Peer 1: 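Sending over a structure as structure tokens; questions will come in a sec.
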Amino acid sequence: MAKQNVAEQFVDILVRAGVQRMYGVVGDSLNPVVDAIRRNSAIEWVQVRHEEVAAFAAGAEAQITGSLAACAGSCGPGNLHLINGLYDAHRSMAPVLALASHIPSSEIGLGYFQATHPDQLFQECSHYNEMISNPQQMPRLLQTAIQHAIGRGGVSVVALPGDIASEQAPEKSIEHALVTSRPTVRPGDEEIEKLRRMIDAAKRVTLFCGSGTAGAHAEVMEFAERVKSPVGHALRGKEWIQYDNPYDVGMSGLLGYGAAYEATHECDLLVLLGTDFPYNAFLPDDVKIVQVDVRPEHLGRRSKLDLAIWGDVRETLRCLTPLVRPKDDRKFLDRMLKKHADALEGVVRAYTRKVDKHVPIHPEYVAAVLDELADDDAVFTVDTGMCNVWAARYLTPNGKRRVIGSFSHGSMANALPQAIGAQFVDRGRQVVSMSGDGGFTMLMGDFLTLVQYDLPVKIVLFNNSSLGMVELEMMVGGLPSFGTTNTNPDFAAIARAAGAYGVRVEKPKQLAGALKDAFRHKGPALVDVVTDPNALSIPPKISAEMVTGFALSASKVVLDGGVGRMIQMARSNLRNVPRP
């Protein structure tokens, strides 16, 4: 066998770990690795226009597949551009390996051109962050990085000087079997017994679910039925827990709706399942709280716990449910289901009034039509800001759809880059980017990546010519909106000039046809929808305190609006409530 250099060995190990592509921008110190990829048919180099897009795309791919994804940036400014997307991937627990190419090893510490310290820069957004300064560190260092990313769920960063990448790899290097999947974590019998006693003693139990309930839908439903519990969710838990859920009481948080807040405050035992929900202002401080999480560092950092359970949700409930005494009293559950249906009935009219004639178009209407026309297994990527509101309120989960956004990091401009990563995983699956005009224009250059690779991503652009969420924050805080207005071009014309399908929609009656045409188009498409910047009206009396810490009042008063087909689910669940 021909001798390998470090770059070739690096790429071979990524392939053994299941990496199918690496996103990045070529250049100087990174060139040996890119050339090794060029000569390896088992892995693809994806050329993006900005390294931040590379990191977002890798993070999205990892979230879709559950497997390791990779990105890279050249020395100095190149890898520095990765950092925002890596923060997002790390906070989303997406296993990503980032290669931070580095200046020549002999020049480190001497103020060389483009010098930075990647071994320091990425410390906060990674589980593992080390530099290969000697070929003898290979392949052990890279294998360790991979196992950190997969095993702990998040980012590992490896810095590699370009000259080291070109050196010969060790001849008798140790390549061990790689960890490529995470184990299940079962709590101890003592903790299960403590939880059983608390459940049995409680009269009113509420479950509040996050993204940690992925793969545990059946177990959560079985447990909810056994203890007659309302089931609320955080935004990241919506896609995993809301569908086929007769116990659903909606979502809590700034974008919340329904009776989730009441259900979490009026119970006598709140069970947090797989959620690191950050807004403690929405959590009660006068009820008993149990938290179940696979990451022990998450336990108790949002609220005072009466019991902390280290374990993944599915295994915990599989152990717990058969031991819990079934409850017969449905009064609390039925009362919360009725509150939920009543709450949705009260706000749905904001969406239904003359929306098919309103110009500029109601963004709620756009989201509702999109939800109806999109495929049953579509992947939606959602920009931070008002698109989060529309996705939370109008996208209907069904167990096959995916919704990905910067829900923990809260970055702008995430939707288009994440759509790139999601579409590379499966070109035959519908991927829809719900982009705001602010987020889209921030990284608009990578629209050309869609064209270059003929990726059939469909961008639905909510174009209200403003930074809508920021404007809302200013107004609620008593400040005049300032610096929030965008002067926008005809984005559809730009799409066509770039070689993609583009259509501009200014009237509601044009919307459904435009979306259908875009969905039928074989390649990338952009639907530029001119939406109403005043979609969320501000009440005349509201205090700044209402938004401090995303308090309940701001969410209920400012963001009350339509909720799409969720009202149908609530009405259906309400039919199951026994009548006296």
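Predicted model, so just to flag it, every value in this text is computed and none were measured.
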Peer 1: Sequence neighbours left out, what passes ring pair (Phe, Tyr, Trp, His ring centres under 6.0 Å) with Phe407? Give chain and number order.
Peer 2: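 By the ring pair (Phe, Tyr, Trp, His ring centres under 6.0 Å) rule, Phe407 matches no residue at all.
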Peer 1: At what distance, to the nearest 0.5 angstrom, does OH of Tyr112 lie from OG of Ser105?
Peer 2: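 Answer rounded to 0.5 Å: 11.0 Å.
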Peer 1: Would the distance check show the side chain of Ser101 and the main-chain N or O of Ser29 forming a donor-acceptor pair, the cut-off being under 3.5 Å?
Peer 2: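 Between the backbone of Ser29 and the side chain of Ser101 there is a qualifying donor-acceptor contact (under 3.5 Å).
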Peer 1: Indicate the atoms forming the closest heavy-atom contact of Ala145 with Ser156, along with that distance.
Peer 2: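 Looking at all heavy atoms of both residues, the shortest contact is O-OG, 2.6 Å.
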Peer 1: Check this for me, if you would: do Arg16 and Asp12 make a salt bridge, where the nitrogen-to-carboxylate-oxygen distance has to be below 4.0 angstrom?
Peer 2: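 So Arg16 does not pair with Asp12 through a salt bridge.
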Peer 1: Hey, does the side chain of His90 reach the backbone of Val155 with a donor-acceptor pair shorter than 3.5 angstrom?
Peer 2: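 Yes, because the side chain of His90 sits within donor-acceptor range (under 3.5 Å) of the backbone of Val155.
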Peer 1: Would you name the heavy atoms of Asp454 and Gly523 that are closest together and state the gap between them?
Peer 2: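 It is OD1-CA, 3.7 Å.
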Peer 1: Let me see the working for Tyr501 and Leu526 under side chain to side chain contact (heavy atoms under 4.5 Å, CB included), right down to the final yes or no.
Peer 2: CA-CA 6 Å; Tyr501 180 91; Leu526 184 147; over 6 Å; no
Peer 1: Can you name the one residue among Val460, Val457, Ile459 that meets side chain to side chain contact (heavy atoms under 4.5 Å, CB included) with Val432?
Peer 2: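 So, applying the side chain to side chain contact (heavy atoms under 4.5 Å, CB included) to Val432 and each of Val460, Val457, Ile459, only Val460 qualifies.
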Peer 1: Ignoring hydrogens and geometry, is there a side-chain-to-backbone donor-acceptor pair from Ser92 to Ala94 under 3.5 Å?
Peer 2: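 It does not hold such a pair.
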Peer 1: Determine whether the side chains of Arg49 and Gln452 contain a donor N or O and an acceptor N or O closer than 3.5 Å.
Peer 2: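 Gln452 and Arg49 do have a side-chain donor-acceptor pair below 3.5 Å.
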Peer 1: Side chains of Phe519 and Lys458, heavy atoms from C-beta outward: is any pair under 4.5 Å?
Peer 2: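 Side-chain contact under 4.5 Å: yes.
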Peer 1: Considering only heavy atoms from C-beta outward, does the side chain of Val382 approach that of Val403 to under 4.5 Å?
Peer 2: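 They are in contact (side-chain heavy atoms under 4.5 Å apart), so the answer is yes.
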Peer 1: Using 30° and 60° as the class boundaries, would you call the ring planes of Tyr128 and His148 parallel, tilted or perpendicular?
Peer 2: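 Rings of Tyr128 and His148: tilted, as their planes differ by 30° to 60°.
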Peer 1: Could you go through the side chain to side chain contact (heavy atoms under 4.5 Å, CB included) check for Lys507 and Gln510 one step at a time?
Peer 2: CA-CA 6 Å; Lys507 296 180 180 179; Gln510 302 169 331; 3.9 Å; yes
Peer 1: Starting at CE of Met386, measure out to CD of Glu364 and round the result to the nearest 0.5 Å.
Peer 2: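 The CD atom of Glu364 is 8.0 Å from CE of Met386, to the nearest 0.5 Å.
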Peer 1: Please say which of Thr396, Asp377, Asp376, Asp371 ends up in a side-chain hydrogen bond (donor to acceptor under 3.5 Å, both in side chains) with Arg401.
Peer 2: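 Exactly one candidate clears the test, Asp371.
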Peer 1: Are Arg39 and Val11 close enough that some pair of their side-chain heavy atoms sits under 4.5 Å apart?
Peer 2: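 Side-chain contact under 4.5 Å: no.
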Peer 1: Are side-chain heavy atoms of Gln47 and Val26 found at a separation under 4.5 Å?
Peer 2: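 Side chain of Gln47 against side chain of Val26, heavy atoms only: no contact under 4.5 Å found.
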Peer 1: Using atom types as modelled and distance alone, determine if a side-chain donor or acceptor of Asp383 lies under 3.5 Å from a backbone N or O of Asn414.
Peer 2: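 Yes.
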Peer 1: Verify whether one side chain among Glu124 and Tyr87 offers a donor that lies under 3.5 Å from an acceptor in the other.
Peer 2: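 Tyr87 and Glu124 do have a side-chain donor-acceptor pair below 3.5 Å.
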Peer 1: Applying the side chain to side chain contact (heavy atoms under 4.5 Å, CB included) test to Val366, which of Thr531, Leu461, Val530, Asp532 qualifies?
Peer 2: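 Of all the options given, the one that passes is Thr531.
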Peer 1: Do the side-chain N and O atoms of Asn129 and Asp119 include a donor-acceptor pair separated by under 3.5 angstrom?
Peer 2: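 Distance-only check fails for Asn129 and Asp119.
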Peer 1: Any heavy-atom pair between the side chains of Tyr365 and Leu511 that's under 4.5 Å?
Peer 2: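 Touching, per the 4.5 Å side-chain cut-off.
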Peer 1: Whether the side chain of Thr441 engages the backbone of Asp437 through a donor-acceptor N/O pair (distance < 3.5 Å, no angle test) should be reported.
Peer 2: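 Yes; at least one donor-acceptor contact below 3.5 Å.
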Peer 1: Evaluate the side-chain proximity of His50 to Asp446: yes if any heavy-atom separation is below 4.5 Å, no if none is.
Peer 2: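 SC-SC contact between Asp446 and His50 confirmed.
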Peer 1: Do the side-chain N and O atoms of Asn463 and Asn488 include a donor-acceptor pair separated by under 3.5 angstrom?
Peer 2: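 Looking only at side-chain atoms, Asn488 and Asn463 do form a donor-acceptor pair, the distance falling under 3.5 Å.
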Peer 1: Nearest heavy-atom pair of Leu416 and Ser435: which atoms, and what distance?
Peer 2: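 It is N-OG, 4.4 Å.
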Peer 1: Once rounded to the nearest 0.5 Å, what's the spacing between atom OG1 of Thr381 and atom CD of Gln423?
Peer 2: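 One finds 10.0 Å between OG1 of Thr381 and CD of Gln423.
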Peer 1: May I ask you to check whether Asp244 and His217 show a side-chain donor-acceptor distance below 3.5 Å?
Peer 2: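 There is no such pair between these side chains.
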Peer 1: Can you check side chain to side chain contact (heavy atoms under 4.5 Å, CB included) on Arg427 and Tyr453, steps first, answer last?
Peer 2: CA-CA 11 Å; Arg427 286 177 173 268; Tyr453 288 94; 4.0 Å; yes
Peer 1: Let me confirm one number: the SG-CG distance from Cys75 to Leu80, rounded to the nearest 0.5 Å.
Peer 2: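 Cys75 atom SG to Leu80 atom CG measures 11.5 Å (nearest 0.5 Å).
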Peer 1: Does the His233 side chain pair with the main chain of Leu235, one donor and one acceptor, at a distance under 3.5 Å?
Peer 2: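 No, His233 side chain to Leu235 backbone: no donor-acceptor pair under 3.5 Å.
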Peer 1: From Leu30 CG over to Ser74 OG, what is the distance, rounded to the nearest 0.5 angstrom?
Peer 2: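 Rounded to the nearest 0.5 Å, the CG-OG separation comes out at 6.0 Å.
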Peer 1: Assign the ring pair Trp390 / Tyr394 to parallel, tilted or perpendicular, where the plane angle (0 to 90°) is split at 30° and 60°.
Peer 2: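 Geometry flag for Tyr394 against Trp390: tilted rings.
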Peer 1: Do Pro417 and Glu52 have side-chain heavy atoms sitting under 4.5 Å apart?
Peer 2: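 Contact flag for Pro417/Glu52 side chains = no.
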Peer 1: Please check if the distance between the ring centroids of Tyr23 and Phe56 is under 6.0 Å.
Peer 2: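 No: the rings miss the under 6.0 Å criterion.
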Peer 1: Within this structure, what is the OG-CG distance for the pair Ser408 and Asp276, rounded to the nearest 0.5 Å?
Peer 2: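 If I round to the nearest 0.5 Å, the distance is 7.5 Å.
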Peer 1: Are Met22 and Glu44 side-chain neighbours, meaning at least one heavy-atom pair lies under 4.5 Å?
Peer 2: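 SC-SC contact between Met22 and Glu44 ruled out.
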Peer 1: Does Asn5 use its side chain to pair, donor to acceptor, with the backbone of Glu8 at less than 3.5 Å?
Peer 2: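 Side chain of Asn5 to backbone of Glu8, a donor-acceptor pair under 3.5 Å: yes, one is there.
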Peer 1: Between Trp45 and Gly24, what is the shortest heavy-atom contact and its length?
Peer 2: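 Result for this residue pair: CZ2-C, 3.4 Å.
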Peer 1: We want to know whether Ser411 and Ser406 form a side-chain donor-acceptor pair, criterion being a heavy-atom distance below 3.5 angstrom.
Peer 2: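 Per modelled atom types, Ser411 and Ser406 side chains form no pair under 3.5 Å.
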Peer 1: Minimum heavy-atom separation for Pro397 and Lys238, please, with both atom names.
Peer 2: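 Heavy-atom minimum between the residues: CG-O, 3.8 Å.
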Peer 1: With side chain to side chain contact (heavy atoms under 4.5 Å, CB included) as the test, would you mind laying out the steps for Leu160 and Leu99 before giving the verdict?
Peer 2: CA-CA 7 Å; Leu160 177 62; Leu99 169 59; 3.7 Å; yes
Peer 1: Taking all atoms of both residues into account, what is the closest heavy-atom pair of Thr384 and Asn388, and its distance?
Peer 2: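 Smallest heavy-atom distance, with atoms named: CA-ND2, 3.9 Å.
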Peer 1: Taking only distance into account, with no hydrogens and no angle test, what donor-acceptor pairs under 3.5 Å do side-chain atoms of residues 490-499 form with protein atoms, sequence neighbours excluded?
Peer 2:
unit_1	atom_1	unit_2	atom_2	d
Asp490	OD1	Ala492	N	3.0
Asp490	OD1	Ala493	N	3.1
Arg496	NH1	Gly502	O	2.9

Peer 1: Could you tell me whether the side chains of Asn486 and Ser465 share a donor-acceptor contact shorter than 3.5 Å?
Peer 2: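 Short answer, no.
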Peer 1: Ignoring hydrogens and geometry, is there a side-chain-to-backbone donor-acceptor pair from Asn31 to Gly27 under 3.5 Å?
Peer 2: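 Yes: the side chain of Asn31 pairs with the backbone of Gly27.
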Peer 1: Just by distance, with hydrogens left out, do His409 and Asn84 show a side-chain donor and acceptor under 3.5 Å apart?
Peer 2: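 Present: a donor and an acceptor within the cut-off.
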